[in-house]
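Per chain, numbering begins at 1; letters A, B, ... match sequence-line order. Values reported hereafter were calculated over all heavy atoms of this structure, with side chains retained and with hydrogens, waters and symmetry mates removed. Predicted model, so just to flag it, every value in this text is computed and none were measured.
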Amino acid sequence: MRWSQYFIPTLKESPADAEILSHKLLLRAGLVRKLTGGLYTFLPLGLRVLRKIENLIREEMNRAGAIEVLMPALQPTDIWRQSGRYETASDVLYKAKDRSNKEWILSPTAEEVITTLAAGELNSYRQMPVNFYQVSVKFRDEIRPRFGLMRAKEFIMKDAYSFDSSDEGAMASYQRMYDAYTRIFNRCGLRNFPVEADTGVIGGNYSHEFMVPAVTGENEVVYCEACGYAANIEKATSGIPKTAAREIGGGGEKFATPGVVTIEALSKAPYSVPANRQIKTLVYVADSQPVLILIRGDDQLNETKFLARTGALAARPATPEECAATLGAKPGSLGAVLNVPATVKILADERLRGANDMTTGANEDGFHLRSVSIDRDIKVTEWFDLRTVTAGEPCAKCAKPLKMQRAIEVGHVFKLGTKYSEKLHAYFLDADGKSKPCVMGCYGIGVTRTMQAVIEQCNDKDGIVWPLAVAPYAVCVTPLAVAKDSAVMQLAEKIYAELTAAGVEVILDDRDDRPGVKFKDADLVGFPLRVSIGEKSLANGEVELKPRGGAVQLVKAEEALAQIHAFLAAKS
RNA sequence: CGGGACGUAGCGUAGCUUGGUAGCGCGCUUGGUUCGGGUCCAAGAGGUCGUGAGUUCAAAUCUCACCGUCCCGACCA
């Protein structure tokens, strides 16, 4: 490709609405342009990178035995109602109506469609295992699109769905995808690692996310350097000790605490009740029902865990009015000892199990109770791990201190089980002649997000530093004079033609611009290798090879081609 | 959905407090100049000042509404 015939609108300055580095570089390097919030046009160079990543994913999916298909982006609502996600995923669904006022869904993912396919086509255990995948546009009505391609209303996703006749088979399918994902992200040049993850509205019971460490990541990851434990903060647990039992001092006496409505205030004089001796009582409304959640005063509720453990579809903190209606007091004086209606469930965090000599609200504004024993004074409905892990806590597996890091989620693998196959009737006949639901797994990669994650991780002060595997072009040939009859241009044309003939992805910067402009642009766009041809070095019969981010290397013109091939071979 | 900031030429921005001629840099066009890290000089083109209403003799500027963008939050009683 000749630069002058192409379309690479680079920018010296980044548009004001780009906040993070990778977003700015996407725009400055002329890879994408924004149409509106959360919607982007891929320009030629950006599209090339996208295709590179897609094809790399295809290679690895095919290698892992998955089979490519393409499903409709426009989907009927009835299968979404059947799976139950018309309601549970309602917030993210884009809905469209046709001329007869019938409602359709713009696909945010395709479990319903693939399971419908399986229901019709997979009749025998002999047809499994099978894994279908596609690379396609997905639509999600994000609460807040942000960071360019990181969280967009429309994005490219690779989604795969495995069908097995047994649980063991499903685990093997899961493992194949897990391994494939590791290969994919490694090949993209990304530092990445899998973490244990919550399953959210997708459902299922076993899941890993593939994370790319980045300060701008939207996820918080807990990990242990000693034993390799790693989990999303939404899922992470630690080996932190339970609350120490004490000699109990009394039997839950009420005492006045006028104006005290926070854990912190109660921990100060004159009350001086340390936060770790307080029970924090939260009222949530889960699927329209009030629920009490008990957490130790110095801990934080992990809402994701709460949702996962209770199976609630939606939950929110109760309003002060709802708190008063349920318990007779406003937030700040709430507790689970007195005046709790029998219909209200009390969920307690495991860390409080067996705790005594605790202080909590009395369900009377301005009063608390001291010397409370959980076992004796509170009718806990269920115990769960509900707290949020913090950095430095001992690892549950090896007791070494846990660390925390922000990361970008680029892939997610789920073991789904039979949730969708049962609801959408994907049953098969097993060897014993019995009808059973397919055991499913699903596996997603955010392709467009991965592209931006690479930029977020691979850059320097001058611009993007593409890993060869995903670079829009491998080589940029840069003649420093473009007059047709010049020796410089003739050599540039020759090298360009030879590389093209050899199948190397090469761009010839034939623009009549000053060298500085070309160098800046080449650095900004981030081609892995720049081959510069100028009068000075050519006078010595030399051309210049400059790996992006590396040092200049002068080579004899006649050796240039071999050197370029050697460079590319070493990088791939 | 709540809070905050912002909306002036393709991009980045000044002007708004104190109402009166819309300015700068980049980019773009033309001519010259320069030619190994975003040359320099000169001359140009390009703006419904987000939209609509209001106040006023007069609105980019003040008021209100709406639209859009970005950030934070939508958990901690």
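Comparing B:A59 with B:U21, their C1' atoms are spaced 14 Å from each other, to the whole Å. The gap from the P atom of B:A74 to that of B:G2 amounts to 15 Å, rounded to the nearest Å. Taking the P atom of each, B:C71 and B:C26 are spaced 29 Å apart, rounded to whole Å. Look at the P atom in both B:C11 and B:G50: the space between them is 13 Å, to the nearest Å. Taking the P atoms as reference points, B:C49 lies 11 Å from B:A22, given to the whole Å. Atom name C1', nucleotides B:G15 and B:C57: the rounded distance is 23 Å, in whole Å. Annotation: B:U61 and B:G54 have their C1' atoms spaced 15 Å apart (nearest Å). Between B:G19 and B:A60, the two P atoms lie 13 Å apart (nearest whole Å).
Both A:A16 and A:C323 lie close to RNA chain B; mapped to their nearest nucleotides by heavy-atom distance, the more 5′-ward contact belongs to A:A16. Nearest-nucleotide assignment on RNA chain B puts the 5′-proximal partner with A:P515, out of A:P515 and A:G332.
A:S4 and A:D510 are linked by a side-chain donor-acceptor pair at a separation below 3.5 angstrom, with hydrogens and angles left out of the test. Side chain to side chain, A:S537 and A:E542 fail the donor-acceptor criterion of an N or O pair below 3.5 Å. Judged purely by distance below 3.5 Å, without hydrogens or angles, the side chains of A:Q278 and A:T359 never pair a donor atom with an acceptor atom. In the model, A:R296 has a side-chain atom that pairs as donor or acceptor with a side-chain atom of A:T243 under 3.5 Å.
If you check distances only, the side chain of A:R144 never reaches the base of B:G2 with a donor-acceptor pair under 3.5 Å. No donor-acceptor contact under 3.5 Å links the side chain of A:D513 to the base of B:G38.
Between A:E13 atom CD and B:C11 atom P the separation is 12 Å, expressed in whole Å. Atoms CG (A:D17) and C1' (B:U13) sit 15 Å apart, rounded to a whole Å. Across the protein-nucleic acid pair, A:K12 atom NZ and B:G27 atom C1' stand 8 Å apart, rounded to whole Å. One can place CD of A:E19 at 15 Å from P of B:C6, the figure rounded to the nearest angstrom. Remark: C1' of B:A77 and CZ of A:F367 are 18 Å apart, rounded to the nearest angstrom. Distance A:D509 CG to B:C35 P: 19 Å, rounded to the nearest Å.
With B:G38, B:C75, B:G73 as the choices, the nucleotide that has an atom nearest any side-chain atom of A:R28 turns out to be B:G38.
The aromatic rings of A:F255 and A:H368 lie tilted to each other, with the angle between the two planes from 30° to 60°.
For the OP1/OP2 pair of B:G68 and a distance below 4.0 Å, the side-chain nitrogens and oxygens of A:T36 include no atom meeting the criterion.
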